[in-house]
2 protein chains.
Amino acid sequence: MMPYSKRITIGDVAAVAKVSPTAVSFAFNKPDQLGIDTVNRIRQVAADLGYMPSPVARALISKRVGSIGLLTPQPLSTVLANTYFLTFLQGMSSMCDEQEFGLLALSPIDGSLDRVFSRSSVDGFVISGFDEDHREVLPLKKRRIPFVVVDGAASSVSSVNVDDEAGAYASAHHMLSNGHRDILILMIEGAFGHHDEGGHGVGRRRLAGYHKAFVEHGADWRDEWVLPAASSRSGGEREFNVALAQGMRPTAVLCAADATAVGVITAAHQHGLSVPRDVEIIGFDDSIESNLVRPALSTVHQPIFEKGRSAVRLLTRHIDGDERAEHIVMETRLLLRDTTRTRAG
Amino acid sequence: MMPYSKRITIGDVAAVAKVSPTAVSFAFNKPDQLGIDTVNRIRQVAADLGYMPSPVARALISKRVGSIGLLTPQPLSTVLANTYFLTFLQGMSSMCDEQEFGLLALSPIDGSLDRVFSRSSVDGFVISGFDEDHREVLPLKKRRIPFVVVDGAASSVSSVNVDDEAGAYASAHHMLSNGHRDILILMIEGAFGHHDEGGHGVGRRRLAGYHKAFVEHGADWRDEWVLPAASSRSGGEREFNVALAQGMRPTAVLCAADATAVGVITAAHQHGLSVPRDVEIIGFDDSIESNLVRPALSTVHQPIFEKGRSAVRLLTRHIDGDERAEHIVMETRLLLRDTTRTRAG
DNA sequence: TTGAAAGCGCTAACAC
DNA sequence: GTGTTAGCGCTTTCAA
């Protein structure tokens, strides 16, 4: 309970070196304010004593902690089960490295963000999957703590989004153009559900994209053919089985997440269905596993890494006092690999 | 540059609510010390003003920041390219969630850890890939900042390791038992290189395991057949190609990392070699991609997730003042999937 | 070139 | 039940 009990402070160093605390501070921060010999002596004493300035005390004065927080709707351990976040974190950390910021990954406490805000020493937050106006996020706005939103709606703070609707549209369009009409749609649920109430979630946008394609093709949109599925391999397997059990015989499957699609491939094989001959599948995200699984998954590419980088860049700008909000919307791209038969749109 | 300029402090709330700062503090931390009506009034004022206690000021007093740091030899963005770390992070964060700690991922600054220590507000560090006595880590010991070591040697602080040698031995033994003698060994290099000088790195331990099996089988150990490879898909492809170009015709490949092995599968296919018929391959880690790639990779399982969990648990114990060091060594297990021909050892 | 004093925002004794 | 005071470890005017 007293790990720091013996922690050496600036005063200890000052005493031993027979100088004032000020001098010790200078020795570390503004060496040119001191005689070269004094500096060396102080540094030596500090090294001997194992002294290091306290980051916390420094932060109290400078109002800078040197790290930014990442907040997700679900606990970190849950969220990390999806490789999407691996790539996103990579992007964030590559920019964090450049800007010399640490990256603090935070989980909601008791399902809520509120306590997290007051417990976390960071200079700002990247918030994934919430809209700016979400109730949970309000305290940040009031407190004027810098934050940016990823995969969520925002106006007064910066945001990074992807044109989910266009991506989903493209994949549905592809299936419909190839004559499919019995299309199973596996939506996002749970782990990657969007926690807003306003209708801006990525899930909704992707759904809208699918729907739009159906309308344009004059195809029947059947709500029973739209199933929520956990964004995981097992979620995909489960829901595909459910669909078959309910008597559906899809010739094509559209998945709002790659992880789900990977599960569908597995399940299809277990049912003796050949992919893509009997069932064509298109996922979403272009996550790592989509290119590892066999057959390689056709999917909608989104620039995950860049989203992470941009989010951090926008945030550090806000932290530096720039209040202008910038809203980035990145493009998606239909990527036809081996779970679809033709390369034509 | 002044994001917090207008930040409401405890004093502001006190003034508006016409109470003392102490009362405000109590309203948040020890509500039972105050009249219920006072508490409510203060809370109301605080909410109106958008007040939230400053985590930094709190930390200065409590000597607790509520987060732990993860330190890796390479920049975070590099390290995250390997799914090993995804799983490790998952394990860490699952324990962090339980203990209500945040997880601060840190990159070396200018290739050194020293500046990171003094810039990062954390209660302790999990250090991956360094020995306790590594020069870079010394400042922590002097400063008596709690830390634990993962995949590195330690005595006075806790550590988490895996029996790398036994795992490597098992995989080499398998190959040798099946009659292979032309065995290419692709070691760890770069991103996952071990940054100690003393000879304790996981790479060395795995190499020792391979070597031991060769000795026991009376097989020729040829140093030219041991190549360092980046722990990445491309690293595996490259080095396998190099080996072929140098005239080697391996019938088996032992990889000290799964990512490398995945690359070898790809390269082998490109050379018209069938896996496992022409070349048998065994990786190391049982990382996510090993079970996704086709043919599914035979590998040495190590409990990555548990390593992460244990590291955090040991660390929080140290943080709570328990100075006893505990050294955990976890078991590995040979996992024969489809890049090897037989299931017999 | 160096030191004394004030204060960052908060909490914790100790009074009232 | 509520306020006063001191101080966490450091930086930073301002004087000397």
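Computed from a predicted model, the values in this text were never measured in an experiment. Letters A, B, ... mirror the listed sequences (proteins, then strands); counts begin at 1.
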Checklist outcome for this item: Atom CE of Met52(B) and atom P of dT11(C) are separated, to the nearest Å, by 14 Å
Checklist entry - Whole Å only: how far is the CD1 atom of Ile8(B) from the C1' atom of dC8(C)? => result 16 Å
Checklist entry - Which nucleotide, dT2(D), dG9(C), dT11(D), lies nearest any side-chain atom of Asn29(A)? => result dT11(D)
Checklist entry - What does Val24(B) touch in the nucleic acid at a heavy-atom separation under 4.0 angstrom: a base, only the sugar-phosphate, or nothing? => result nothing
Checklist entry - Could one point to a donor on the side chain of Ser62(B) or the base of dT11(C) with an acceptor on the other under 3.5 Å away? => result no
Item to check | Close aromatic pair by centroid cut-off 6.0 Å: Tyr51(A) and Phe28(A) | outcome: yes
Next on the checklist: OP1 or OP2 of dC8(C) versus the side-chain N and O atoms of Thr9(B): is any pair under 4.0 Å?
Outcome noted: no
Checklist entry - How close or far is atom P of dG7(C) from atom CZ of Arg58(A), stated in whole angstroms? => result 22 Å
Checklist entry - Taking atom C1' of dT2(D) as reference, at what distance in whole Å does atom CG of Asp37(B) sit? => result 12 Å
Checklist entry - Has Lys30(B) got a side-chain N or O lying under 4.0 Å from the OP1 or OP2 atom of dA12(C)? => result yes
Next on the checklist: If we count only N and O atoms by modelled type, under 3.5 Å, do the side chains of Asn40(A) and Gln44(A) hold a donor and an acceptor together?
Outcome noted: no
Checklist entry - Hey, is the main chain of Ser158(B) close enough, under 3.5 Å, to the side chain of Arg324(B) for a donor-acceptor pair? => result no
Checklist outcome for this item: note: Ile61(A), atom CD1; dG9(D), atom P; distance rounded to Å ~ 12 Å
Checklist entry - So what does Ser54(A) touch, heavy atoms closer than 4.0 Å: a base, only the sugar-phosphate, or nothing? => result sugar-phosphate
Next on the checklist: Can you tell me which nucleotide in dT4(D), dA4(C), dT11(C) comes closest to the side chain of Thr22(B)?
Outcome noted: dT4(D)
Next on the checklist: Centre-to-centre under 6.0 Å for Phe147(A) and Phe117(A), is that the case here?
Outcome noted: no
Next on the checklist: Side-chain N or O of Arg7(B) versus OP1/OP2 of dG9(C): is the shortest distance under 4.0 Å?
Outcome noted: no
Next on the checklist: Tell me the interatomic distance from Leu60(A), atom CG, to dT12(D), atom C1', rounded to whole angstroms.
Outcome noted: 14 Å
Checklist entry - So what does Thr38(A) touch, heavy atoms closer than 4.0 Å: a base, only the sugar-phosphate, or nothing? => result sugar-phosphate
Next on the checklist: Here's a test of your reading of the structure: between Ala57(B) and Asp32(B), which maps to the more 5' nucleotide of DNA chain D?
Outcome noted: Asp32(B)
Next on the checklist: What contact category does Val56(B) fall into here, base, sugar-phosphate, or nothing, at under 4.0 angstrom with non-hydrogen atoms?
Outcome noted: nothing
Checklist entry - Just to confirm, is there a sub-4.0 Å distance from OP1 or OP2 of dG9(C) to any side-chain nitrogen or oxygen of Lys63(A)? => result yes
Checklist entry - Do the side chain of Arg119(B) and the main chain of Glu100(A) share a donor and acceptor less than 3.5 angstrom apart? => result yes
Next on the checklist: Students often get this wrong, so: under 4.0 angstrom with heavy atoms, is Tyr51(B) touching a base, only sugar-phosphate, or nothing?
Outcome noted: sugar-phosphate
Item to check | Interatomic distance, Phe28(B) CZ vs dT11(C) P [rounded to whole Å] | outcome: 9 Å
Next on the checklist: Quick check against the 3.5 Å criterion: does Thr38(A) have a side-chain atom that pairs as donor or acceptor with the backbone of Leu34(A)?
Outcome noted: no
Checklist entry - Whole-Å distance between dT2(D) P and Ile10(B) CD1? => result 15 Å
Checklist entry - Does a side-chain N or O from Ser25(B) land closer than 4.0 Å to OP1 or OP2 of dT11(C), or not? => result yes
